[in-house]
Amino acid sequence: MSQEILIRPVAPNEIDSLCELGKLTFKETFEVQNSAENLSAYLSKSFTPEYIREQMNTPSSEFYFALQNDIVIGYLKLNLTKEQVEIERIYVKSSTQGKGIGKALFRFALERAKSKNASHLWLGVWQENKKAIEFYKRQGLEIFDIRQFQLGSELQDDYMMRIKIN
């Protein structure tokens, strides 16, 4: 069995699959540290087919699936501007973490930012997500600011991290 990771755009007819994967991976990542109510409120708002379709129809947004052996195991959402590229979402199923999928998605995002001649690739990461922060630091990102993120009724602090490209 090949362990090659394929990264490809999410097709418009795959919105339901993207919503399911988004809910699953967000829940796997954050359910231990957050209340069920706040998690449910965020998921029911952020992963509806209508909301995802609206984002997919935004020219500056791009969605990609990561596949291994023809099985979707992760996804990436990029927001592209003239100056910078944001990784808004980068998630991998917990059962496949530690196998290079997140790194492959990150490298893909970095190459995409380079192809757009962006000055920086950046993202926001919850301050309590120590595993992700360490991963991003290993990829060369540095903390440059803090912003707030609304999860249900709770306001959380995210580190803003970036890497200079050009």
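Fair warning: this is a prediction, and the values are worked out from it, not measured in the lab.
Taking NZ of Lys99 as the reference point, atom CD1 of Ile5 lies at 10.5 Å (rounded to 0.5 Å). From Glu31, atom CD reaches atom OG of Ser40 across 12.0 Å, with rounding to the nearest 0.5 Å. Summarising the geometry, atom CD1 belonging to Ile73 is positioned 8.5 Å from atom OG belonging to Ser95; distances are rounded to the nearest 0.5 Å. For the atom pair OG (Ser60) and NZ (Lys82), the distance works out to 12.5 Å, reported to the nearest 0.5 Å. One distance of note links CD1 of Ile90 with CG of Leu123; it measures 8.0 Å at 0.5 Å rounding. Taken from CD in Glu4 to CG in Asn69, the straight-line distance is 9.5 Å, to the nearest 0.5 Å.
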>> Let's go through Val10 and Tyr75 carefully: what are the C-alpha distance in whole Å and the side-chain angles of both, what is the deciding distance for side chain to side chain contact (heavy atoms under 4.5 Å, CB included) to 0.1 Å, and is it a yes or a no?
In response: CA-CA 9 Å; Val10 176; Tyr75 78 103; 5.5 Å; no

> Between Arg162 and Leu121, is a side chain to side chain contact (heavy atoms under 4.5 Å, CB included) present by the stated rule, with each step listed?
Replying inline: CA-CA 6 Å; Arg162 69 180 170 200; Leu121 176 66; over 6 Å; no

> Hey, mind stepping through Tyr42 and Phe26 against ring-ring contact (aromatic ring centres under 6.0 Å, His included) and telling me if it holds?
Replying inline: CA-CA 10 Å; Tyr42 179 79; Phe26 196 90; 4.6 Å; yes

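For the pair Tyr159 and Ile146, the minimum side-chain heavy-atom distance is below 4.5 Å. When side chains are defined from C-beta on, Pro49 counts as touching Asp16, because their heavy atoms get closer than 4.5 Å. Between Asn38 and Ser153 there is a side-chain heavy-atom pair separated by less than 4.5 Å. Between Lys93 and Val72 the shortest side-chain heavy-atom distance does not fall below 4.5 Å. Counting only heavy atoms from C-beta outward, the side chains of Trp126 and Thr29 never approach each other to under 4.5 Å. Counting only heavy atoms from C-beta outward, the side chains of Leu78 and Tyr64 approach each other to under 4.5 Å.
Formation of a donor-acceptor pair under 3.5 Å by the Gln150 side chain with backbone atoms of Gly152 is found in this model. Judged by distance alone, with hydrogens and angles left aside, the side-chain atoms of Ser46 form no donor-acceptor pair with the main-chain N or O of Leu43 at under 3.5 Å. Without hydrogens or angle criteria, Asn129 side chain to Val125 main chain gives no donor-acceptor distance under 3.5 Å. Here the side chain of Ser119 pairs a donor or acceptor atom with the backbone of Glu83 at under 3.5 angstrom.
For Asp70, the CG atom counts as loosely surrounded, since its 6.0 Å shell holds 12 or fewer non-hydrogen atoms of other residues, nucleotides or ligands. Taking a 6.0 Å sphere around CD of Glu54, one finds it holds 12 or fewer heavy atoms contributed by other residues, nucleotides or ligands.
Shortest non-hydrogen contact noted between Gly102 and Val92 is N-CG2, 3.8 Å. Heavy-atom minimum distance, Gln84 versus Trp122: OE1-CD1, 3.1 Å. Nearest heavy-atom pair across Thr96 and Ile101 is O-CD1, 3.3 Å. Closest heavy-atom contact between Ala109 and Leu76: CB-CD2, 4.1 Å. When all heavy atoms of Gly124 and Asp158 are compared, the closest pair comes out as C-OD2, 4.3 Å. Nearest heavy-atom pair across Gly74 and Leu105 is C-CD1, 4.4 Å.
Linking ILVMFWY side-chain heavy atoms closer than 4.5 Å, directly or via other members, places Ile87 and Leu80 in a single hydrophobic cluster. Clustering ILVMFWY residues whenever any of their side-chain heavy atoms sit less than 4.5 angstrom apart, transitively, puts Phe108 in a cluster other than the one holding Leu21. Under the 4.5 Å side-chain heavy-atom criterion for grouping Ile, Leu, Val, Met, Phe, Trp and Tyr, Leu24 is not connected to Tyr91 through any hydrophobic cluster.
For the side-chain contact (heavy atoms from CB on, under 4.5 Å) with Phe65, the lone residue among Leu6, Ile7, Leu18 that qualifies is Leu18.
Here Lys77 pairs with Gln55, Ser61, Phe63, Asn79, Glu88, Arg89 under the side chain to side chain contact (heavy atoms under 4.5 Å, CB included) rule; sequence neighbours left out.
Ion pairing of Glu111 with Lys114 is present here, as a side-chain N (NZ or NE/NH1/NH2) and a carboxylate O approach within less than 4.0 Å. Ion pairing between Arg8 and Glu14 holds under the 4.0 Å rule for side-chain N and carboxylate O.
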Under 3.5 Å, sequence neighbours excluded: what are the donor-acceptor pairs made by side chains of residues 131-145?
from, atom 1, to, atom 2, distance (Å)
Lys131, NZ, Gln97, OE1, 2.9
Gln139, OE1, Arg107, NH2, 3.2
Gln139, NE2, Phe135, O, 3.4

